[in-house]
Amino acid sequence: MIDLRSDTAARIPSAMLANIITERLGDDGQTQEDMDDDEKVKELQQLACDITGKQDAALFPTVTMANLAAVYACAAPGEQVLVERDMHLYRFGQYFAFHPDFGRRVPIFYGLTQQGAPDVEDIGQLVERNNPSLICLENTLNFTGGVCIPPEALKEISLYAHKRSVHIHVDGARLFNASCALSIPARELCQHVNSVAICLSKGLGAPIGGVLCGEKTWIERTRKIRKLLGGTIHKAGIIAAPGIYVLQNNIERLKEDHANAQLFVKVLKAKAPSAKLVREVQTNLVLLDISQSGQTSEKFLDELALHGVLGKVRPNNSVRLAFHQCVSSSDAERAALAVADQINCW
Ligand SMILES: *Cc1c(COP(=O)(O)O)cnc(C)c1O
């Protein structure tokens with residue numbers, strides 16, 4: 001099976017595991033912070049700060065929780081938060097942070113451009129009109145097919161935000177995909193925003209974890225919120241150690257996933273000229289538009305599975321294929337041939 005459902009697919013090399021082995025694990029997330037003494041957690045935090053250019057960092061079990069803590073740290077109940085309808089932070093946040101019975105933060109939706117990136121003008125107008133407490137961005141954007149936010153757009157959004165002291169938080173679950181695709185260091189992509197959550201366990205390949213990075217007093221607040229959310233992990237060194245490994249070794253590797261996504265598209269277009277993409281591929285995610293088939297995405301994927309390829313359902317008759325560390329270039333070619341065969345039968 002060629003599994004293109006998600007870039008969370010795992011391969012844990014022994015060097016990553018070796019980094020876990022230590023004489024003594026410390027603590028992370030005590031109410032008295034001077035008791036936080038896990039060396040690996042401290043090393044991971046420092047590394048994440050160096051990479052994102054932020055002052056401080058906190059380890060979270062997931063990016064979902066890091067995003068939630070970021071929203072809670074910036075906006076009180078009843079306050080407005082700019083989000084995009086399909087971003088992960090809202091899709092899952094609507095059941096908690098933005099739910100009228102629970103978090104009670106008020107979502108205000110901004111639009112996207114034709115290219116699938118945030119509409120800067122729309123955000124500017126909403127900031128002026130609504131005076132929100134927070135702007136949330138996702139880089140790369142998952143639902144639009146791994147689209148990178150153009151660096152100029154980040155800068156322009158920050159000009160609107162900083163005029164009114166609005167915090168900008170980036171869900172950077174795939175920040176390093178953007179960094180690799182644009183050939184821009186992650187810290188430059190973070191320079192105009194206040195905080196960023198990076199995922200250790202998507203394309204980077206660690207077993208677990210996300211890191212929230214931002215200004216020192218703000219991160220201290222999110223650590224308190226993390227505790228209340230049940231996100232404190234004692235002896236967190238066993239999570240931090242593989243995190244350090246992937247930040248040191250696996251960022252550049254993401255380029256292989258991008259190359260495999262491009263190879264897939266090239267072979268697909270050669271074998272099935274009528275194949276349609278929702279938009280041009282920028283990173284490791286491919287969105288196929290299957291509307292000509294008259295099939296649902298579910299039906300299309302069921303059939304594709306019979307030919308040894310798995311993908312994920314997306315709205316509007318589209319299908320997402322994610323390229324990751326467990327997919328080789330020959331897998332990418334084979335997957336393209338399978339999709340092409342199916343398209344040529346329409
Ligand atoms: C996967 C994902 C998350 C959530 O990350 P977890 O660590 O699985 O909680 C958040 N945002 C985006 C864009 C994602 O793709």
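Read the numbers this way: they start at 1 and go in the same order the structure lists the ligands and their atoms. Side chains are part of it too, since the values below use all heavy atoms of this structure and drop only hydrogens, waters and symmetry mates.
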- prompt: For the side chain of Asp7 and the backbone of Lys202, is there at least one donor-acceptor N/O pair under 3.5 Å apart?
  reply: no

Give a table of atom pairs where an N or O of ligand 1 lies under 3.5 Å from a protein N or O.
from: ligand 1; atom 1: 7 (O); to: Val63; atom 2: N; distance (Å): 2.9
from: ligand 1; atom 1: 9 (O); to: Val63; atom 2: N; distance (Å): 3.3
from: ligand 1; atom 1: 9 (O); to: Thr64; atom 2: N; distance (Å): 2.9
from: ligand 1; atom 1: 9 (O); to: Thr64; atom 2: OG1; distance (Å): 2.6
from: ligand 1; atom 1: 11 (N); to: Asp171; atom 2: OD1; distance (Å): 3.3
from: ligand 1; atom 1: 11 (N); to: Asp171; atom 2: OD2; distance (Å): 2.5
from: ligand 1; atom 1: 15 (O); to: Arg174; atom 2: NH1; distance (Å): 2.9
from: ligand 1; atom 1: 15 (O); to: Lys202; atom 2: NZ; distance (Å): 2.8

Side-chain (Asp50) to main-chain (Leu47) donor-acceptor, under 3.5 angstrom: no

- prompt: Does Arg105 make a cation-pi contact with Phe96, if we ask for NZ or CZ under 6.0 Å from the ring centre and within 45° of the axis?
  reply: no

message: With a 3.5 Å distance limit and no angle check, can you tell me whether Lys54 reaches the backbone of Cys190 through a side-chain donor-acceptor pair?
response: yes

message: Whether the side chain of Thr22 engages the backbone of Leu25 through a donor-acceptor N/O pair (distance < 3.5 Å, no angle test) should be reported.
response: no

- prompt: Can you check whether Tyr90 and Phe109 have ring centres sitting under 6.0 Å from each other?
  reply: yes

